[in-house]
Amino acid sequence: MIKLSPSILAANFSSLGDEIAKIKDADYVHIDVMDGHFVPNITFGPGVVKCIRKTTELVFDVHLMIENAEKYVDDFLNAGADIITVHYESNMDYEYIKNKVKEKGKKLGLSIKPKTDVSVLKDYLSDLDMVLIMSVEPGFGGQKFMEESLEKIKMVRQMDKNIDIEVDGGIGLDNVKKVVDAGANVIVAGSAVFGAKDVSKTVLEFKKF
Ligand code: DX5
Ligand code: ZN
């Protein structure tokens, strides 16, 4: 069965606690952290993560789209992150981040952007709990799913039968099946969940895949 990780990037920021209550039947809360450098947009910091941590027991899936993630990893862990995903393409001290996440008994993910080849993941797989395949250029919600991602998912699944493969960007009820069939088991959905008329019902519909 898949794990659903609704992205609060598409939620109403004025009432994040209420928005998260609507996704109680999901598995993770996907938290898109953007710094205006690695991506051309700015979102949440550890202070927001700490506040929403008090409102839910769902797993916090923190997607760091930032440069120098080593400067902030402690803060996000202390704020309640359960999974920390960093970007292969960013400038960062990977060893430091890996050690901090493992010391805390938390999970480590590595993400690649659409133009990055999956072969770069080879040297990292033994450290990782999760690979995050971006199926849109990171930075904004509501973009169109890039079909080329399906081949990348299949290739990662061939490289590792057991690792969690998360896919992020442009996924809705209309195309989630092909993402899962390609080998993904963690599904991010922002606008398809929080933009739906009935958010809680949409979560249950996703969970059927
Ligand atoms: C994009 C973010 C995504 C985004 C997905 O940079 O990483 O998590 O919120 O949004 P949708 O599902 O609307 O494409
Ligand atoms: Zn994301």
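Whatever order the structure lists them in is the order used to number ligands and atoms, beginning at 1. All values below come from the heavy atoms of this structure, side chains included, with hydrogens, waters and symmetry mates left out.
Contact atoms of ligand 1 toward H63: 7 (O) (distance under 4.0 Å to a heavy atom of the residue). Every atom of ligand 1 is numbered from 1 in the order shown, and the set under 4.0 Å from a heavy atom of D168 is 2 (C), 3 (C), 4 (C), 5 (C), 7 (O), 8 (O). Residue-ligand proximity, F140 to ligand 1, at heavy-atom distances under 4.0 Å covers atoms 1 (C), 6 (O). Those atoms of ligand 1 that come under 4.0 Å of a heavy atom in M34, given as number and element, are 6 (O). Every atom of ligand 1 is numbered from 1 in the order shown, and the set under 4.0 Å from a heavy atom of P138 is 6 (O). The A189 neighbourhood of ligand 1 comprises atoms 12 (O), with distances under 4.0 Å to a heavy atom of that residue. Taking every heavy atom of M134 and a limit of under 4.0 angstrom, the matching atoms of ligand 1 come to 7 (O). Those atoms of ligand 1 that come under 4.0 Å of a heavy atom in V188, given as number and element, are 8 (O).
In this model, a donor atom of one side chain and an acceptor atom of the other lie less than 3.5 Å apart for D127 and Y94. Between the side chains of N78 and K50, not a single donor N or O lies within less than 3.5 Å of an accepting N or O. Using a 3.5 Å distance cut-off with no hydrogens or angles, the side chains of D32 and H30 do pair a donor with an acceptor.
Here H63 contributes ND1 and H30 contributes NE2, and at the Zn ion (ligand 2) these two atoms make an angle of 100°, given to 10°.
Residue D32 approaches the Zn ion (ligand 2) most closely through its N/O/S atom OD1. D168 contributes atom OD2 as its closest N/O/S atom to the Zn ion (ligand 2).
Look at K3 and D164 and you find no salt bridge, because none of the NZ, NE, NH1 or NH2 atoms lies under 4.0 Å from a carboxylate O. In this structure, D74 pairs ionically with K100, as a charged nitrogen and a carboxylate oxygen lie closer than 4.0 Å. Note on K201 versus D25: no salt bridge recorded, every NZ/NE/NH1/NH2 to OD/OE distance being 4.0 Å or above.
Remark: among candidates S191, G190, G141, the nearest residue to atom 13 (O) of ligand 1 is S191, based on non-hydrogen atoms. Across the listed options A10, P6, G170, G170 owns the non-hydrogen atom lying nearest to atom 14 (O) of ligand 1.
By the 3.5 Å distance cut-off applied to N or O atoms, G142 is counted among the residues near ligand 1. Remark: ligand 1 and G139 share an N or O pair separated by less than 3.5 Å (distance only, no angle test). At least one N/O-N/O distance between S7 and ligand 1 falls below 3.5 Å.
With values rounded to the nearest 0.5 angstrom, I133 atom CD1 is found 5.5 Å from K152 atom NZ. Rounded to the nearest 0.5 angstrom, M134 CE and E89 CD are separated by 9.5 Å. Residue L121 holds its CG atom at 8.0 Å from CD1 of I163, rounded to the nearest 0.5 Å. One distance of note links OG of S5 with CD1 of I83; it measures 7.0 Å at 0.5 Å rounding.
A tilted orientation is assigned to the rings of H87 and F38, their planes being inclined by 30° to 60°.
Ligand 1 has no atom lying under 4.0 Å from any heavy atom of F145. The shortest separation from a heavy atom of G169 to ligand 1 is under 4.0 Å, placing the residue in contact.
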